[in-house]
Structure formats: C-alpha cells, structure tokens
Amino acid sequence: MSCVVAVVGATGVVGREMLRTLEHRRFPATEVRALASARSVGSRVPFRGGELEVKLACAEAFDGVDIALFSAGAAASRELAPLAALRGAVVIDNSSAWRADPACPLVVPEVNMDAAKDRPKGIIANPNCSTIQMVVALGPLHAAARLKHIVVSTYQAASGKGHAAMDELITQTRELASGAEPTANVFPGSLAGNLLMDWKSGSLPDWSEEELKMVHETRKILGDASIGVTPTTVRVPVVTGHSEAVHAQFHRPMTASEARDLLRRAPGVRLFDEPYAPGRHPQPREAAGTDEVYVGRVRDDLAVPGALNLWIVADNLRKGAALNAVQIAERLVGG
Ligand SMILES: NC(=O)c1ccc[n+]([C@@H]2O[C@H](COP(=O)([O-])OP(=O)(O)OC[C@H]3O[C@@H](n4cnc5c(N)ncnc54)[C@H](OP(=O)(O)O)[C@@H]3O)[C@@H](O)[C@H]2O)c1
C-alpha cells in the first residue's frame with residue numbers, strides 16, 4: 001500500500017529531525033517530499049543515505065500526499081494546512097496554529113491517542129514541547145488520582161526556538177569565553193551565561209504566550225478543564241533538552257512510592273528510581289538524541305500532604321516535536 005508523506009519545514013531543526021525519525025523508525029513511506037519556503041527551494045536535505053531536493057510548500061505540492069507533517073511555524077500552517085487537508089492529506093501540525101481549535105485534536109499518543117479519531121478539519125495538532133513531556137509523565141498519575149493543581153518551572157533549551165537560536169547560543173558562548181560581549185539577534189539579550197524569558201507576551205498581560213500554552217494544552221490533552229496549571233517558563237543556555245521542576249497536587253493523596261510504581265510501567269517514560277545523590281538525576285545532555293521522557297527526583301512534598309515533586313527531562317526536538325508527530329502518524333497508518 002502506498003503512503004506518501006510530506007515534511008513541511010524540512011530545512012528547519014524540527015523538520016530535519018522529522019526526516020531522521022521517519023528514517024530511523026523505518027516509517028513505511030513509499031515517497032517522502034521535503035517542502036519549505038521559496039528561500040530553500042532547490043537545496044537538499046539528507047534522507048535514507050541520500051538526499052531529497054527541497055520543493056516549494058504550495059497547494060499542488062500536497063497532491064497525492066497521505067500524511068503531511070508540518071513544522072513551518074504558525075503562519076505557514078494556517079495558510080497551507082487546510083489546503084493539504086482539502087487534498088486528502090491528514091495534517092499533523094507542530095505549530096501553535098491549531099492547538100486551541102476545538103475541531104482539531106491535540107494529541108500525545110501515550111496519553112490520548114483516541115482523540116485523533118475525531119478530526120473534522122483533517123488536522124491533528126502536536127502540542128508544545130514543554131507540555132508534551134509534562135503530560136507523558138503526569139498522564140498516568142492523573143489517571144490514578146486526578147490532578148488538581150500543577151506548579152511547573154521550565155528550563156528550556158535554545159533549540160526550542162529553531163536553528164537560528166541554536167546557532168546564536170553557540171556563537172554567544174564562544175564570544176563570552178573570549179571576553180567579548182555576546183551579540184544578540186534572535187534572543188533579546190545574551191543567553192550564554194544567563195537565563196532569559198524570551199517568549200512573546202500572552203493574552204493575559206502578566207503571562208508569556210509559552211506559559212499560557214502550558215495551561216490550556218495540559219487541560220485539553222488530559223481532558224479536564226478544572227486542572228490548575230501555574231507555569232513559569234525559562235530559557236536556559238542548553239542547546240537541546242528541556243527540563244521541568246513540577247509540583248503536583250491530586251484529588252486523592254498520591255505518595256512518591258505509588259507514583260514510582262506507576263511511572264515504572266508508563267509508556268514512553270524512563271524512571272530514575274534511586275534516592276538523591278549528586279549528579280544522579282535526568283539531565284538534558286543525556287536526554288538529547290534519545291526518545292524517552294526521563295523522570296527523577298520523585299518526592300513526597302514536605303509541606304502539602306499527598307502532593308509530589310518531580311524532575312522531568314526530554315529532548316525537545318524528538319519527543320517534544322518530531323517523534324511525537326511521527327508516533328501519531330505511525331498509529332494512523334497502523335490503524
Ligand atoms: N524547536 C522545537 O523544539 C519545537 C518544538 C515544538 C514545536 N516547534 C514548532 O515547529 C515549527 C518549526 O520550528 P523549528 O524550531 O524547526 O524552526 P526553524 O529551525 O526556524 O525552521 C523553520 C522551518 O519552517 C520553514 N518555513 C518558514 N516559513 C515557511 C513558509 N511560509 N512556507 C514553508 N515553509 C516555511 C523554514 O523553511 P526555509 O528554510 O525555507 O526558511 C524552515 O524549514 C514552529 O512552528 C515551532 O513552534 C518547534
């Protein structure tokens with residue numbers, strides 16, 4: 001059976017990871033099309049030991065496409081995803097364009113794959129990277145004891161902002177090491193040797209767009225609008241791998257021991273199941289280039305009985321973006 005896949009944004013950091021993921025997981029595509037903007041037409045991206053020539057992402061490029069994996073930003077997605085869907089493709093979109101749309105399911109396969117069945121617009125949204133890793137870890141705990149309130153602080157890598165941001169962190173780090181003042185074009189200042197809150201402001205004036213995404217997307221994926229979510233999102237000088245410190249309260253008390261039992265069996269999770277020791281915890285450098293969501297530092301809260309604290313780390317380009325999208329595609333193709 002033929003299965004034609006288009007990767008829109010194939011020259012970007014997530015698009016390239018999508019191509020690698022399709023290849024490594026031996027996704028049964030009979031044809032893969034690499035699409036991007038006019039800027040990259042004619043360039044080449046590596047795939048299956050060879051190269052794909054990048055073509056223009058336009059309506060005709062989706063003729064005959066079964067699955068369109070989008071990672072080209074919200075503006076391109078708003079314009080092109082409906083055109084791809086109109087031509088019969090199932091769109092799996094990595095941008096924020098469709099996540100809040102009630103007619104577009106927001107899917108993390110380990111948590112709510114069933115939601116993908118109902119897709120009246122032919123578009124399935126891939127959640128924000130920081131939300132994906134959090135719900136992979138909290139989903140099984142929610143199923144057991146119902147989450148009441150989550151307080152989360154993120155430590156987000158530069159690659160979460162795309163390839164230009166990754167390059168800028170590397171340049172800034174060299175500049176700082178040589179005693180020069182780091183130059184900032186992508187970030188609103190130096191990320192090297194520093195922490196930034198660099199997201200756009202959200203619809204509430206005191207909150208960043210990233211923080212509000214974590215609130216709304218967590219509720220939508222877990223199917224419970226009553227869950228309280230209090231995020232603070234922070235960019236850290238790490239190239240790849242987002243980390244999160246999470247405090248979770250439940251409707252019925254949950255112990256760290258019960259949580260560890262659940263997390264040991266949770267799909268997509270690797271549990272660091274040992275007492276505290278310096279340096280023995282999930283780390284972004286170790287998570288980078290791997291598929292799992294790493295969970296460690298699972299602790300009973302000292303002040304709130306029945307509440308937990310966890311440390312959650314994952315590769316933002318893989319489980320936070322490309323892998324999650326390809327896993328959705330695999331489940332669609334597998335029936
Ligand atoms: N980075 C992450 O960790 C992450 C995680 C989750 C979701 N996402 C989302 O994934 C998307 C891509 O992010 P990224 O980090 O890969 O960014 P990136 O490295 O800057 O790449 C952007 C890609 O989008 C393409 N593009 C831009 N405008 C386009 C247009 N009008 N038509 C077709 N292609 C267009 C670019 O093509 P050209 O080469 O032609 O410019 C490039 O391939 C964003 O929506 C982002 O929010 C990223």
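Remember, it's 1-based here, ligands and their atoms both numbered in the order they're listed.
- One finds a salt bridge joining Asp291 and Arg25 here, because a Lys/Arg side-chain nitrogen approaches an Asp/Glu carboxylate oxygen to under 4.0 Å.
- Every atom of ligand 1 is numbered from 1 in the order shown, and the set under 4.0 Å from a heavy atom of Gly320 is 5 (C), 6 (C).
- Salt-bridge check for Glu17 with Arg20: passed, with a basic side-chain N closer than 4.0 Å to an acidic carboxylate O.
- Separation of atoms CD (Glu53) and CZ (Arg33) is listed at 13.5 Å; rounding is to 0.5 Å.
- When only interatomic distances are considered, the shortest N/O to N/O separation between Val14 and ligand 1 falls below 3.5 Å.
- Every atom of ligand 1 with a heavy atom of Gly73 under 4.0 Å away is listed here by number and element: 11 (C), 44 (C), 45 (O).
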Would you list the atom pairs, donor with acceptor, under 3.5 Å between side chains in residues 39-46 and any protein atom, with sequence neighbours excluded?
residue, atom, partner, partner atom, Å
Arg39, NE, Ser37, OG, 3.4
Arg39, NH2, Ser37, OG, 3.4
Ser43, OG, Ser40, O, 2.6

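- When Ala76, Ala158, Ser130, Gly160 are checked for heavy-atom proximity to atom 30 (C) of ligand 1, Ala76 turns out nearest.
- Ligand 1 has an N or O atom lying under 3.5 Å from an N or O atom of Asn316, backbone or side chain.
- Of the protein's heavy atoms, none falls inside 4.0 Å of atom 46 (C) of ligand 1.
- Atoms of ligand 1 found under 4.0 Å from any heavy atom of Ser40, numbered from 1 in the order shown, are 38 (P), 39 (O), 40 (O).
- Here the options are Asp93, Ile92, Val14, the test is side chain to side chain contact (heavy atoms under 4.5 Å, CB included), and the partner is Ser71; only Val14 passes.
- Listed by number with element, the atoms of ligand 1 under 4.0 Å from a non-hydrogen atom of Thr11 are 36 (C), 37 (O), 38 (P), 39 (O), 42 (C), 43 (O).
- The Ser95 neighbourhood of ligand 1 comprises atoms 45 (O), with distances under 4.0 Å to a heavy atom of that residue.
- Nearest-residue assignment for atom 19 (O) of ligand 1 (options Val13, Val7, Asn128; heavy-atom criterion): Val13.
- With a 4.0 Å heavy-atom cut-off, ligand 1 is reached by the backbone of Ser159 but not by any atom from C-beta on.
- Atom 17 (O) of ligand 1 has its closest protein heavy atom at Gly162 CA, 3.7 Å.
- For Arg270 and Glu286, the salt-bridge test fails: no basic side-chain N is under 4.0 Å from an acidic carboxylate O.
- Between the OG1 atom of Thr233 and the CD atom of Gln156 there is a distance of 5.5 Å, given to the nearest 0.5 Å.
- Using a cut-off of 4.0 Å between Lys/Arg side-chain N and Asp/Glu carboxylate O, Glu210 and Arg235 are scored as not salt-bridged.
- Checked by distance only, ligand 1 and Gly9 come closer than 3.5 Å through their nitrogen or oxygen atoms.
- Near Cys129, meaning under 4.0 Å from one of its heavy atoms, ligand 1 places the atoms 5 (C).
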What's the verdict on ring-ring contact (aromatic ring centres under 6.0 Å, His included) for Phe47 and Phe27, showing C-alpha distance, side-chain angles and the deciding distance? CA-CA 12 Å; Phe47 185 63; Phe27 186 86; over 10 Å; no
